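Worksheet: the structure to be examined is printed underneath.
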Amino acid sequence: MIENILNKKICLALNDIYNINVNPDIILVQQTRVEFEGDYTVVVFPLLRYSKKNPEDTANDIGEYLTKNLKEVKSFNVIKGFLNLVIDDNFWIDFFNLNFNNDNFGIKPQEKSSKPVVVEYSSPNTNKPLHLGHIRNNLLGYSVAEILKANGKNVVKVNLVNNRGIHICKSILAWKKWGNNETPESTGMKGDHLVGKYYVLFETKYKEEVKKMVSEGIFNEEEAKKNAPLLLEAQEMLRKWEAKDKEVIDLWTMMNDWVYKGFDVTYNRLGIDFDKIYYESDTYLLGKELVNTGLKNNFLFQKPDGSVWADLKDKGLDEKLLLRKDGTSVYITQDLGTAKLRYTEYNPEKLIYVVGNEQNYHFDVLKLILEKLGENWFQIIHHLSYGMVELPHGKMKSREGTVVDADDLMDEMFSTARKTTEELGKIKDFSEEKANELYNIVSLGALKYFILKVDPKKNMMFNPEESIDFNGNTGPFIQYTYARIQSILKKAGNSNNIPDYDGIKINKKEKELLKLLYQFPEVITQAGKDYSPATIANYVFTLVKNYNKYYQEVPILKVDDNNTKNFRVLLSEFIANVIKTSMKLLGIEVPVRM
RNA sequence: GGUCCAAUAGCUCAGUUGGAUAGAGCAACAGCCUUCUAAGCUGUGGGUCGCAGGUUCGAAUCCUGCUUGGAUCACCA
């Protein structure tokens, strides 16, 4: 990178001019702000204590040294304590020449024999359909996996489906009681929605029961909640499930299959996938052994009732239950087991969990317990903690029906895409099939970009009353720019010769574009370090915004000079390529026409 | 109550390890299609970067306190 070259040369300059050695870290080289002349800026304030001169003189000293000793630096200017360096156009043209043709520009080659990075995401419960919160999780997980791949990592995408437990029994019980043998086929409902319907029904009936019990005056609310017959029945069903009771297992298998099929449809439509799917029914017993060994080694302790605990008070946390007095395991016990399983299964470089920030405490505890158990690899665990999707009235709550359903949302986006496209009337020659494909690409582009452009760590707002925009800083805007370029390329034909670079003069806007393109590999690196699709999204938006200005103001095909025309066409193609790559990292497709 | 996170334009969000006059989009208003796709471009207005201190050449960014909002502190997952 040119920044590094400048940094090193400035070190040499300081040595030559002032006869001092400085830590390269204190030399700050950054992009020059657009309102000033220059490409890179050196902030000289930190260097004054070494130069023992005022900012202007110090900057001039270094500027002169660099123009003399570095062919890339053409000239410089000094404003206040800022040394603005102008890079020779040939540097940008060389960069263009070397990379415009590279379809994989910015993508690092896969590291050979590198340990895999395991990314867990999605991890749904099979008692209700996916909602907007899951969409954020899924999109983040998928995109982060793509970004890590682009950084040369060997990525394994896994999903741990939570298919057992009391909440699943609730759906099953409600269906058994009031379902009249409804099936996805008989009702035409998607399986996950059908099962979700019975989960909601259970909650409704359960609440009625509790209310009734309280009004009868025998129980207070808390007791009623624990003793409602429906709940007891569900708990009994869970015990039967654990005892492998055939009737329960059969029901469970059937209803889970409905849900899996429903999820597959949603996943497919969202364009996400997994290399491996774990089921909690297979993993929920893991971890017991780990805990028992820990107990034997006195890393853990047992209470008089026989329950097993980890004491985390020395870490500033509390005690944490790991095995109930009856020896059954809890959620975290299972997670300890699956973490260990993955560690031995993959020998990974990192274990990444895409899980909401509501579970921050859980992951802190998880790591501390693993450490306590002597599992020193615990440090490879990274909780990719993302913020909640909030609605104007607050958080989404399944039980209160304030969720934005994933399938519904995609349907709505699809209709909006169709409506907008029809109004614009640009694809009247498309077959219905091709048109639908486009609506799909555009609607998903809008949805995905809307979610991924926000910093994963932050909570985000979604207002169901306002449809997701198609103008401005949006997926369709970026897709549109790509399509525009494709149109230009089509009109330009295949006859573009490689331009004669000696004859090329790049204008200011072209230089800005080349500088942005130059940054792309670094952007991918940064996005990988931060696990942040938003970094990519913001970058590609800036690139596209700049290109649209260029497109508006600079003729590309309508220039007489063939050399200039070829250069502009190829520059456009280069940009389209980077748009496509960026969007791919976000899991978004780009259309040739729209 | 303890712990953690957040607070930037009317709304939704950017803002790299502290650097120049804090940026986009939406919404509002005013312009630009006989010219490469107007899902676009140009312009105008819009800010006590939650509040108060501190650190220093320099703070939206780091530290302390406070206010507000959220999460969490289950023998739920």
Side-chain angles (χ1 to χ4, degrees), chain A residues 25 28 30-33 35-36 41 43-46 48-49 55 79-82 84 123 125 162 164-168 280 284 305 307 309 316-318 320-326 328-332 334-335 356-362 364-365 385 387-388 390 394-395 417 420-421 423-424 426-427 442 446 450 453-455 457-463 466 469-481 483-492 522-523 526 529-530 534-535 537-538 541-542 544-545 548-559 568-569 572 593-594:
Chain A
D25 291 344
L28 194 66
Q30 58 192 33
Q31 308 257 336
T32 304
R33 299 181 60 141
E35 57 265 39
F36 300 99
T41 294
V43 184
V44 298
F45 292 111
L48 302 183
R49 48 192 282 231
I79 298 170
K80 295 187 198 172
F82 297 89
N84 299 320
S123 305
N125 294 342
N162 184 345
R164 49 135 248 134
I166 190 72
H167 47 296
I168 314 294
E280 201 187 289
Y284 80 105
D305 68 358
S307 55
W309 298 71
L317 301 177
D318 210 344
K320 181 76 190 175
L321 176 92
L322 297 177
L323 292 178
R324 299 189 184 98
K325 62 186 174 195
D326 61 5
T328 55
S329 57
V330 292
Y331 172 58
I332 197 158
Q334 172 204 214
D335 254 12
N357 61 14
E358 55 200 353
Q359 293 197 37
N360 285 354
Y361 180 76
H362 171 77
D364 288 346
V365 169
S385 161
M388 300 290 97
E390 288 167 344
K395 213 187 142 181
T420 309
T421 308
E423 278 168 12
L424 291 168
K426 292 179 185 175
I427 58 153
V442 172
F450 175 81
K453 77 171 176 185
V454 181
D455 183 341
K457 291 193 291 290
K458 294 190 175 173
N459 290 355
M460 63 178 293
M461 175 64 69
F462 176 80
N463 187 350
E466 305 166 8
D469 234 306
F470 282 38
N471 298 322
N473 187 359
T474 67
F477 169 59
I478 294 161
Q479 290 170 321
Y480 173 70
T481 308
R484 261 182 163 180
I485 297 175
Q486 295 313 305
S487 169
I488 283 196
L489 297 180
K490 196 176 164 197
K491 287 195 171 136
E522 187 57 32
V523 169
Q526 195 58 43
K529 278 183 190 158
D530 296 342
T535 304
N538 288 321
F541 174 64
T542 309
V544 161
K545 228 172 106 60
N548 275 319
K549 283 184 197 182
Y550 177 67
Y551 177 94
Q552 194 76 21
E553 289 172 30
V554 179
I556 294 165
L557 295 174
K558 300 190 172 175
V559 281
R568 290 178 179 173
V569 169
S572 301
R593 273 185 61 191
M594 70 183 274

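Quantities reported herein were computed from a predicted structural model and do not represent experimental measurements.
Distances were taken from every side-chain heavy atom of A:Glu553 (C-beta onward) to each of B:U42, B:U35, B:C75; the shortest belongs to B:U42. Looking at the side chain of A:Gln359, the nearest of the listed nucleotides B:A77, B:G70, B:U35 is B:A77. Distance from the side chain of A:Met461 is smallest for B:U12 among the nucleotides B:U12, B:C36, B:C75. Considering only the side chain of A:Gln552, B:G40 comes nearest among B:G40, B:C76, B:A71. Comparing B:A14, B:A38, B:A20 against the side chain of A:Thr32 picks out B:A20 as the nearest. Comparing B:C73, B:A77, B:U35 against the side chain of A:Tyr361 picks out B:C73 as the nearest. The side chain of A:Lys549 lies closest to B:C41 when the candidates are B:U37, B:A20, B:C41. For A:Ile79, the listed nucleotide lying nearest its side chain is B:A20; candidates were B:C76, B:G19, B:A20. Comparing B:A14, B:C75, B:C36 by their closest approach to the side chain of A:Lys458 singles out B:A14.
Within the 4.5 Å cutoff, no side-chain heavy atoms of A:Phe82 are placed close to those of A:Val44. Counting only heavy atoms from C-beta outward, the side chains of A:Pro55 and A:Leu48 approach each other to under 4.5 Å.
Rounded to a whole Å, the CG atom of A:Asp25 is 15 Å from the C1' atom of B:U16. Protein atom NE2 of A:His362 is 14 Å distant from nucleotide atom P of B:A74, rounded to whole Å. For the pair A:Leu317 CG and B:G2 C1', the interatomic distance rounds to 11 Å; values are reported in whole Å. Remark: C1' of B:A27 and CG of A:Asn471 are 12 Å apart, rounded to the nearest angstrom. Distance, A:Lys320 NZ to B:A77 C1': 10 Å, rounded to whole Å. Between the C1' atom of B:G69 and the CD atom of A:Glu390 lies a distance of 9 Å, rounded to the nearest Å. Going from atom OH of A:Tyr551 over to atom C1' of B:U35 covers 10 Å, rounded to whole Å. For A:Phe477 and B:G25, the CZ to P distance is 8 Å, given to the nearest whole Å.
Looking at heavy-atom distances under 4.0 Å, A:Met460 makes contact with sugar-phosphate atoms alone, never a base. Note on A:Thr542: nothing from the nucleic acid sits closer than 4.0 angstrom, heavy atoms only. Using a 4.0 Å heavy-atom criterion, one finds that A:Ala534 contacts no nucleic acid atom at all. Contact annotation for A:Val43: base contact, defined as any heavy-atom pair under 4.0 Å involving a base atom. Within 4.0 Å of A:Leu28, counting heavy atoms only, lies at least one base atom of the nucleic acid. Among the heavy atoms of the strands, none lies under 4.0 Å from A:Thr474. As judged by a 4.0 angstrom heavy-atom cut-off over every strand, A:Asn162 is placed among residues touching the sugar-phosphate backbone only. Nucleic acid contact for A:Val554: base, since at least one base atom lies under 4.0 Å from a heavy atom of the residue.
When every heavy atom of A:Phe450 is checked against every heavy atom of A:Met461, the shortest pair comes out as CZ-O, 3.8 Å. Nearest heavy-atom pair across A:Ser307 and A:Leu321 is CB-CD1, 3.8 Å.
A distance of 12.0 Å separates CZ of A:Arg33 from CD1 of A:Ile79, quoted to the nearest 0.5 Å. A:Tyr551 OH to A:Arg484 CZ: the interatomic distance, rounded to the nearest 0.5 Å, is 4.5 Å. Note that the OG1 atom of A:Thr421 and the CE atom of A:Met594 stand 6.5 Å from one another [nearest 0.5 Å]. For the atom pair A:Lys491 NZ and A:Ile488 CD1, the distance stands at 8.5 Å (nearest 0.5 Å). Distance check, rounded to the nearest 0.5 Å: CZ of A:Phe477 to CZ of A:Phe541 gives 5.5 Å. How far CD of A:Glu280 is from CD1 of A:Ile168: 8.0 Å, rounded to the nearest 0.5 Å.
Close to B:C36, at under 4.0 Å from its OP1 or OP2, lies no side-chain N or O of A:Lys490. For the OP1/OP2 pair of B:C76 and a distance below 4.0 Å, the side-chain nitrogens and oxygens of A:Arg324 include at least one atom meeting the criterion. For the OP1/OP2 pair of B:U37 and a distance below 4.0 Å, the side-chain nitrogens and oxygens of A:Ser487 include at least one atom meeting the criterion.
Side chain of A:Thr481 to main chain of A:Lys545: no donor-acceptor pair is present (N/O by atom type, distance under 3.5 Å, no hydrogens or angles).
Taking the syn range as angles within 90° of 0, the glycosidic angle of B:C32 is outside it, so the base is anti.
Taking the side-chain hydrogen bond (donor to acceptor under 3.5 Å, both in side chains) definition, one finds that A:Asn471 meets it with nothing, sequence neighbours left out. The side-chain contact (heavy atoms from CB on, under 4.5 Å) check on A:Asn357 picks up A:Asn360, A:Ser385, A:Met388, A:Asn459, with sequence neighbours excluded. Taking A:Asp455 as the reference, A:Lys457, A:Lys458 meet the side-chain contact (heavy atoms from CB on, under 4.5 Å) condition, with sequence neighbours excluded.
Heavy-atom nearest nucleotides on RNA chain B were determined for A:Ile332 and for A:Asn84, and the one closer to the 5' end corresponds to A:Asn84. Nearest-nucleotide assignment on RNA chain B puts the 5′-proximal partner with A:Thr420, out of A:Thr420 and A:Met388.
One cannot find a donor-acceptor pair under 3.5 Å joining the base of B:A27 and the side-chain atoms of A:Asp469. One can find a donor-acceptor pair under 3.5 Å joining the base of B:C75 and the side-chain atoms of A:Asp305.
Annotation: B:G70 and B:A59 have their C1' atoms spaced 26 Å apart (nearest Å).
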Report all interatomic pairs (protein N or O, nucleotide N or O of nucleotides 21-24 of chain B) with separations under 3.5 Å.
| unit_1 | atom_1 | unit_2 | atom_2 | d |
| --- | --- | --- | --- | --- |
| B:U21 | OP1 | A:Lys80 | NZ | 3.3 |
| B:G23 | OP1 | A:Arg33 | NH2 | 2.8 |

- Query: How would nucleotides 54-64 of chain B be written as a contact map, 5' to 3', with B for base contact, S for sugar-phosphate-only contact and - for no contact, using protein heavy atoms under 4.0 Å?
  - Reply: ---B-------
- Going through the distances and angles, do A:Asp469 and A:Thr474 end up as a side chain to side chain donor-acceptor pair (under 3.5 Å)? CA-CA 7 Å; A:Asp469 234 306; A:Thr474 67; over 6 Å; no
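Both key distances under 3.5 Å define a Watson-Crick or G-U pair, and stretches of 3 or more such consecutive pairs in RNA chain B run B:1-7 with B:67-73, B:10-13 with B:23-26, B:28-32 with B:40-44, B:50-54 with B:62-66.
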